[in-house]
Amino acid sequence: MNYPSDGNETIPTDFDDVVQQVSTGSLAHQKIDELLHEAHERYSDVDDGLLAHYIPILGHADPDLFAIAMSHVGGSVHEVGDCQHEFSIQSIAKMFVYALVVQEHGREVVRERIGVNNTGMPFNSVMAVELNNGHPMNPMVNAGAIATTEMIPGRTSAKKWENVRAGLSAFAGRQLTLDDDVYASESESNERNKAVGRLLKSYRRIEGDPLAAVDVYTRQCSLNVTAYDLAVMGATLADGGVNPVTGQRVVDADVCRDTLAAVATSGLYEHSGDWLFEIGIPAKSGVSGGIVAIAPGKGAIGAFSPPLDIAGNSVKAQLAIGHLSRAMGLNLFASAPEKSLLAKAGRG
Ligand code: DON
């Protein structure tokens with residue numbers, strides 16, 4: 001084994017010829033509204049966390065906004081709180097842009113260029129790039145996301161941006177619009193992302209103009225969404241790539257599977273391990289306070305509350321999703337003994 005890693009090592013995978021079966025169960029959804037209200041009421045008064053001041057305009061957000069929405073793969077969307085309030089999607093865009101890029105280029109090309117392993121470092125880390133010989137390691141951190149955005153089809157930045165917006169709008173099932181004020185604020189304060197872009201270019205991980213890639217990335221972060229949108233966008237990944245509300249196929253089912261695996265490794269950055277341990281479903285956060293969590297084959301929860309923890313993840317959104325994951329049995333790692341076996345053993 002060579003150290004430092006070049007980011008391309010992987011686990012043995014000698015099972016390509018085995019047919020992929022899907023076993024996800026279904027969501028017991030009769031009580032979704034009740035459970036959403038319960039979670040909203042329970043965490044409304046939590047006032048931990050800080051606003052993301054490093055993007056100046058995000059420091060002016062209303063810390064009391066709180067929304068939880070859930071979209072079922074059957075097409076119903078449930079909401080409580082400020083679910084129609086628009087906020088910039090920020091890092092949550094990374095997950096959907098990654099899916100579009102994997103759809104376009106195929107999983108192996110993107111895995112080789114970007115990687116799928118957790119960096120163990122903050123989302124805007126320069127050191128993570130240096131420690132890995134310029135390999136971005138993961139599409140959910142800024143370095144990997146900037147390099148991923150560059151892979152969106154389009155000969156010009158304008159065309160790439162158009163494709164990003166159209167793709168994310170298809171996930172949402174409505175035309176998403178740019179928040180000009182957020183885009184301006186972030187463009188004036190994103191020296192670190194520009195440095196990351198140039199560093200990637202120096203390692204030839206970006207082919208074109210690194211500042212153009214950072215600009216499209218900054219625009220994608222500035223797209224406005226609601227918690228309702230996040231739930232529908234996430235549910236499209238939970239539904240094998242078909243938007244459950246519009247019925248439109250956005251990406252292939254295999255792309256959803258690969259995207260959710262990458263999100264599981266670092267959707268909540270250096271807290272991703274703790275998140276999987278406690279909550280057990282892939283989730284992606286953004287510094288404006290949104291989180292979307294996906295239960296494959298069942299649905300997705302979009303939650304929004306601006307104050308963040310130290311890793312940049314919304315405090316109340318984490319609590320609400322954690323509550324719902326437990327109450328609805330969404331944890332992918334949880335199981336219970338098969339009843340018939342218990343009965344046979346006289347323990348049923
Ligand atoms: O590039 C940035 O720093 C922001 N536009 C996005 C970061 C972000 O959302 C991290 N998420 N928790």
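In listed order, ligands and their atoms are each counted from 1.
- Connectivity analysis of hydrophobic side chains (ILVMFWY, heavy atoms under 4.5 Å, direct or indirect) links L51 to nothing; its cluster partners are none.
- Protein residues having at least one heavy atom under 4.0 Å from any atom of ligand 1 are Y54, I55, Q90, S91, F123, N142, E186, N193, Y217, C221, Y269, S285, G286, V287, G312, listed by chain and number.
- Annotation: cation-pi geometry not satisfied between K316 and Y43 (NZ/CZ under 6.0 angstrom from ring centroid, within 45° of ring axis).
- Note: F304 and F87 meet the aromatic proximity criterion, with ring centroids under 6.0 Å apart.
- Atom-to-atom distance recorded for L332:CG and I281:CD1 is 7.0 Å, nearest 0.5 angstrom.
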**OP:** Begin from the C-alpha positions of H78 and S76 and carry the test side chain to side chain donor-acceptor pair (under 3.5 Å) through to its verdict.
**Re:** CA-CA 7 Å; H78 307 252; S76 62; 3.0 Å; yes

Original post:
Does the pair K298 and L330 meet the rule for a side chain to side chain contact (heavy atoms under 4.5 Å, CB included), with working shown?
Top reply: CA-CA 8 Å; K298 294 178 178 166; L330 304 181; 4.0 Å; yes

